[in-house]
Amino acid sequence: GNSDTGGGDGGDDGKLVLGFSQVGAESGWRTANTNSIKEAAAEAGIELKFDDAQQKQENQIKAIRNYIQQKVDVIAFSPVVESGWDTVLKEAKDAGIPVILTDRAVDSADKSLYKTFLGSDFVKEGRLSGEWLVENKKDATGDVNIVELQGTTGSAPANDRKKGFAEAIAADPKLKVIASQSGDFTRAGGKQVMEQFLKAHPKIDVLFAHNDDMGLGALEAITAAGKEPGKDITIITIDAVKDGMQALADGKFNFIAECSPLLGPQLMDLAKKVHAGEEVPPRIETEETTFTQEQAKEALPNRKY
Amino acid sequence: MSTFPISAPSWAKLPRRHMPVLATLALLLVMYGIGVSQYRAFSNVQVVFNVFIDNGFLLVIAVGMTFVILTGGIDLSVGSVAAMTAMVSAWLLQSGLPALLVLVIALLIGPTLGFLMGCAIHFFDIQPFIVTLAGMFFARGMCTFISDASIPITDGFWTTMSQYRIGDPRGNFVSISVLVAFAVVLIAAYVLAYTRLGRNVYAIGGNPQSALLMGLPVGRTRIAVYTISGLCAAIGGILLSFYTLSGAPLIAIGMELDVIAAVVIGGTVLTGGSGYIFGTVLGVLVLGVIQTLITFDGSLNSWWTKIVIGGLLFAFILLQRLIGIRYK
Amino acid sequence: MTDSRPVLTMTGISKSFPGVRALHNVDFRLLPGEVHALMGENGAGKSTLIKVLTGVYGIDEGNVTLDGEQVAFNGPMQAAAAGVSTVYQEVNLCPNLSVAENIFIGREPRRFGAVRWGEVRRRARQLLARLDLDIDVTAPVASYSLAVQQMVAIARAIDVQARVLILDEPTSSLDAGEVAQLFRIMRQLRDEGIAILFVTHFLDQVYGIADRITVLRNGTLVGEYPIAELPQLALVEKMIGKELDVLDRIDEQPRPTTAAIESGAPFVQVSQLGRRGAVAPFSLTIHAGEVVGLAGLLGSGRTEVARLLFGADRADRGEVQVDGARTGLRNPVQAIERGIGFCSENRRAEGIIGDLSVRENMILAMQAARGWLRPIPRRRQDELVDRYIKALSIRPANPDMPVRNLSGGNQQKVLLARWLITEPRLLILDEPTRGIDIGAKAEIQRLVVELSDGGMAVLFISAELEEVLRLSHKIAVMRDRELVAQLDNDDTVDADRVMQTIASGTEREEASR
Amino acid sequence: MSDAGNRFRTMLGHRLFWPVAVLVVMLAANTIYRPGFLAIEVNNGHLYGTPIDILRLSAPLILVALGMTLVISTGGIDLSVGSLCAISGAIACLYISRAPDQNNLVTVLTALAMALGVALVLGAWNGVLVSVIGIQPIIATLILMVAGRGLAQLIAEGQIITINSGPYRAIGLGHLLTLPLAIFIALAAALLVAAFTRRTALGMIVESVGGNREASRLAGIRSGRVVFLVYVVSAACAAIAGFMMTANVSSADGNNTGLWVELDAILAVVIGGTSLAGGRFYLGGTILGALIIQTLTTTVYAMNISPQTALLFKAVVVIAVCLIQAPAFRAKFRRRRPGAPPPPQPSPQRQKEQVPA
Ligand SMILES: Nc1ncnc2c1ncn2[C@@H]1O[C@H](COP(=O)(O)OP(=O)(O)OP(=O)(O)O)[C@@H](O)[C@H]1O
Ligand SMILES: Nc1ncnc2c1ncn2[C@@H]1O[C@H](COP(=O)(O)OP(=O)(O)OP(=O)(O)O)[C@@H](O)[C@H]1O
Ligand SMILES: [Mg+2]
Ligand SMILES: [Mg+2]
């Protein structure tokens, strides 16, 4: 490694240097992700250069350029958006620095620009949610009215989860999305949108929220409207953060598709491997599961984030 | 009634007006010096080049904003317009239009929107803040309207513009965007200093009432600056699409604030009437260097990053201000 | 000359603002090669007529013809293009631009589209030399005093190859020398066949240069007269609609002698107060009930002295005693607390707050002194405001009108009222009669006399020497930013002697009294 | 002219006429789209319905906009309010979440006091930067806007702090006399600000400083102190708004609490008729502006306008609101009518004195 730190412990002590550019710190999920990576790096004896891009692709590109200048050993990043990485990745390749993608993929045609992708599959999360619903409502008679709380308009998780969910519920014609609106991934947004859904649509059977936070916000709106969440309205969310799991265990949510932020250990492993020149599979999905109410009760006590 | 004995000697006069800008320059150099002393790789020439490569689009947009702020206005739409330009380019390229045609169309949208906003501001006398805020909503809305996912650009022209390296391709290089940005800066500096339009911009910023009574074309100039800003945002958007080789609906969110900050740090007064393009260049560099410093450090938490950015900004502005006062 | 066809005619002009009828069915014509004075009290509609003519305001009714062709300008730009060059009442320049730029902006000499800065500066210097002004043309215009700014605005207007030149109170801050310069140039232009419309409140100037006079009163036309047919007294009568006798009364009143005043304890004693780059250290004593006049040429530092005394600028040497006790006057608040008030010469930038109403502008200083927690009760406000609107005959007498809609002279009166309401012990008046009509000017002069008789000290600054001589007990003479002499205003002092002192800077020995 | 006609004319001329008209039109459009829009029913002993939601949700915006009105009227701007909302919310929630008994009223009050205290200090910081050091307001407050988000996250360690505290919840969701408590808080704040500015001379002094700072100084006003004060007031308003926002969802999210609220607040102030150049301010207008903005947001949800086009819709409405408010625009239609006052040509709004920035 050839690193430059401001003094202190860094320097040429043969440690592997990993430059990691994070999307931002826009949610609890993201913070858990960051923490996992930091802890894993410390544990694995890897020197981590961390940069927060504050949800801006420009910043991420800048950070990668700077990592190239600093001649780090491996670059890893969670792309803010899918497209637009070819130029800077080419620069990294020319400088001989291997790149690992985490959490979100890029759509580059040239697969040689990065070594591997480590992360979850948003489409799959949406699909799992949809499949559970199809299964759960297979005995229902009459239309099942679904409202959807989308994530931030235009963001990859929002687009993919919507897509996966839509694909899955297409299997059953009585499942209908009657309203779909963006709640910006926030509790306040989820609540405000749900309030209006409840007023505009007298009969809502299912809520599908793109993350736990919006679902938690919607809970409040549902209670205020005099309905019982989890019973009158079936609630499906994605992420499985602690608060969400609690709601699931309490019977307020009905189903959560996990999207695990704990990529740290896997990432460090990969970093060591690509640095050593070992072959790694081009795509590695994080181990993720889904939770029903019973499973949640069991899992809750060991939930870290 | 000739000269005053107490007034400053003539040699002391020249630098005084330029003092704030010089102070900014000096502080920038100090900041760079700190970087070099702290991080070894910071002294690479390429680090400096990268600051330009990474901020070329910001610089171009800031130049347009300088025109607007000099008249005492503000343009909040620039970030969204840049994003919309990139988005439209990506979309048109995807649907198979030739690159040159796309370039022309994309470059027309920004100024058109700017022109319309300028007209609303001038003819209906609505505050620029609101008009351009509506412009910002509109342009951002267009982005998601076109597509709510990002669209990659694979066009040959765009790829070349994006990846061509001027200089030693293995060593130090700059991108084409940097040249474009420099060209825009030079043209803008010339326009402001040597053309009637430029002088009218300053006059309106000084006192719009007087400018009107002095028989200057206030309306025309005001519309012109918003059009110019729209054009710069469009050029910036094209550079952005070179930079990212894609159009993404959420890109450049909040960029208007960075741009305004850069312009103001560069010494342009928000109430209008005083400031230079050169100052704006310095302002953009200040923001760029702050960011580079933080990435080089690489040990900051997400939230400490924000706090440190705020702190550095504060330290910089405070020093700039103190030096400025002393020489005033 | 007189029977040539008018270059400009305005017929049946009417113009209303919300609540005010500024012009009603006014006719006006301007002949080539004449200087035509437009006269009237404050608020008579002079400036409005000019603004209507040049398209700043739209016309409600009436016609304007230029060279026999009907015109309707949509703004000063069009008017200028048609050969109507105007200096508006308030100095209208861009403060951030240099003197040279202000003169040439909009018609800079260019080569291939690029402004030739060298040429701009050279020509600006030339032009100002014609007005006998030798200043740094690259400095921002805001760094010069109002008088210099006025000269710059005039320079801008006369450089245009115009057929009609309009000057709305161009001489309000100029001293005699500058006025003479300006008149020389006006005559020259007139002889070239240019028609000049000239507005002023100085009757002497009217009779010094005008060929014909048009009088407005309350927005209506009183009449148009050749100068020879309208003697000064008759003109005043036409303007105000009645006879004027206040001026005579001032001179008749018995006034306390200097000796009598100086026997009392001094109110303010200044010793060696100064500020680098502004005024050389000076010493001055002002007694209660005393009127001290400040005389001097343009830029001689009178305004600077006033600002130091009020704490508007901070002195960097010397000391001040108020009532015998040493005090710092580091900011206006401190000065006001010690009973000092200051009426700035630059009413637009440093005086009125255009957004606020007449009432609010008037009570502002008093309210500031009371602190924001103790608002002045509405009844008391009404009382004060009504009193001063009447006393100073402010028109329109509507206390809730935004002050920016008042005519220039009436704004000045509002400012004066602001300070009178605070009942200061020393009132510093920097060009208080600037832009004020003859009737009101007489009123203000009378007021100064009354106030000083009532025990208030006044520091009176005016470009009109005559006024200073009439009112002051003592005259301090400034030259080159130095207080060079103090003269007791007794029978031996007259305009000539003061001028001499200004010119030669003698009688220095008296300055050190 | 008939008496009724005259009265109509004066009503048309009233400053608040057009904002009110816009609000009514928006509500009407919603009602046409969904007849139940205005319906209010009683649910659990409180009133329940979309109009109530609009009122409740606009409460924090009204608060922020009130402070912003004062700041803007001095010719400044405060970009840091969003961050201040996040900081105050985070502090209050953190304190409560650590307390043994979250439902204890004393705990909650201590939390509020602490958070408010920190907000006041930060407001004072803004005030010092602007009035003492003389940094341009937009930049001075930008510093806290950026760093403040970081602070909020630092306090919450990047997590969402969820609390379960009845008294705190009440700030956002409680009811009083069947109406949401938040409305009363906002109303009380509005009355307080109005009393402070209009019953004392503070309002006039603020306006005079905004209208012409140098002239105010020469009239003996301590302009610096006034400017300092408004930033502190703005911070206090933002802090209370922050409590409401976090109480509304019983959790503090350092990232998203009050995100972009500064833009909405400025928009509300400007729609309300206060000029960004400083000078006269109109509290009533600001409140209406805030209501209009919240109604607009709710309309997007109520009409289920697709997220992809929601911003386009907003752009159109904002422009429409501003156009019909602009005297110059209305004059274009009235010009032909005889007797109507002509358009003010050099608009009074632009007539700004030179104020050194
Ligand atoms: N923009 C305006 N809005 C409302 N009223 C106005 C406006 N401009 C001028 N007025 C009013 O029109 C009348 C004529 O004003 P004008 O400025 O023409 O007077 P003037 O003769 O130039 O006086 P002065 O000698 O004081 O300059 C005054 O009553 C004034 O208050
Ligand atoms: N004739 C001149 N030539 C050059 N500079 C001048 C001239 N007159 C005034 N100035 C500038 O104007 C500034 C203000 O002068 P000041 O206002 O103190 O003068 P004053 O005696 O009050 O004159 P005025 O009669 O204009 O009020 C000075 O800083 C000076 O630089
Ligand atoms: Mg006038
Ligand atoms: Mg003076």
Side-chain angles (χ1 to χ4, degrees), chain C residues 15-19 51 55-60 74-75 94-96 142 307 310-312 331-337 341-344 346-357 359-361 363-376 402-405 415 418-419 422, chain D residues 9 13 73-75 195-226 229-230 274-275 277-282 327 331 335 338-357:
Chain C
K15 172 75 193 169
S16 298
F17 296 106
K51 286 186 174 168
V56 177
Y57 297 142
I59 303 185
D60 293 354
N74 68 2
C94 293
N96 55 328
R307 289 177 65 91
F310 185 61
N331 54 44
V333 178
Q334 286 182 340
I336 292 169
E337 274 169 4
F342 168 62
C343 205
S344 165
N346 194 347
R347 72 166 161 258
R348 198 154 73 135
E350 300 172 358
I352 62 157
I353 292 152
D355 269 351
L356 300 192
S357 66
R359 172 205 309 278
E360 287 165 317
N361 269 283
I363 62 163
L364 192 62
M366 185 184 194
Q367 185 63 66
R370 286 165 67 107
W372 61 271
L373 271 174
R374 290 171 51 222
I376 303 169
V403 80
R404 84 162 107 255
N405 290 346
L415 272 191
R418 175 189 293 172
W419 289 109
T422 65
Chain D
R9 175 115 356 134
S73 132
T74 62
F196 251 96
T197 50
R198 297 304 183 200
R199 290 276 139 174
T200 70
L202 189 63
M204 184 184 89
I205 288 178
V206 165
E207 287 174 340
S208 93
V209 170
N212 187 340
R213 192 159 171 182
E214 178 63 9
S216 305
R217 187 179 80 95
L218 290 182
I221 290 172
R222 298 173 203 260
S223 311
R225 282 191 200 177
V226 175
L229 185 70
V230 295
T274 304
S275 160
R280 285 267 184 234
F281 66 86
Y282 307 99
R335 181 162 297 167
Q345 248 183 329
S347 95
Q349 291 233 316
R350 296 225 182 291
Q351 225 158 342
K352 247 343 241 122
E353 311 303 330
Q354 279 302 302
V355 188

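First the proteins, then the strands, lettered A, B, ... as listed; each starts at 1. Please read all numbers here as calculations on a predicted model, not as lab measurements.
Every residue meeting the salt bridge (Lys or Arg N to Asp or Glu O under 4.0 Å) condition with D:R217, not counting sequence neighbours, appears here in chain and number order: D:E214. By the ring pair (Phe, Tyr, Trp, His ring centres under 6.0 Å) test, C:F310 is found to be paired with C:F342, C:W419, residues two or more places apart in sequence or in another chain being considered.
Taking OG from C:S357 and CZ from D:R280, the interatomic distance works out to 5.5 Å, rounded to the nearest 0.5 Å. Distance CD1/C:I353 to CD/D:E207: 10.5 Å, rounded to 0.5 Å. The CG atom of C:N361 sits 8.5 Å away from atom OG of D:S208, with the distance rounded to the nearest 0.5 Å.
Across all their heavy atoms, D:A219 and C:L364 have their closest contact at CB-CD2, 4.0 Å. Residues D:A215 and C:G351 share a closest heavy-atom pair of CB-O, 3.2 Å.
Using a 4.5 Å cut-off between heavy atoms, C:R307 contacts chain D through its side chain alone, with no backbone atom that close. Heavy-atom distances place both the backbone and the side chain of C:A312 under 4.5 Å from chain D. Both the backbone and the side chain of C:L356 have a heavy atom closer than 4.5 Å to some heavy atom of chain D. C:Q334 does not touch chain D: none of its heavy atoms, backbone or side chain, sits under 4.5 Å away.
Judged by distance alone, the side chain of D:N212 and the main-chain N or O of C:A349 form a donor-acceptor pair under 3.5 Å.
In summary, of the residues considered (D:T197, D:I221, D:V226, D:L202), a side chain to side chain contact (heavy atoms under 4.5 Å, CB included) with C:W372 occurs for D:L202 alone.
Comparing C:A365, C:P375, C:G311 by how many heavy-atom pairs each has under 4.5 Å with chain D, the most go to C:P375.
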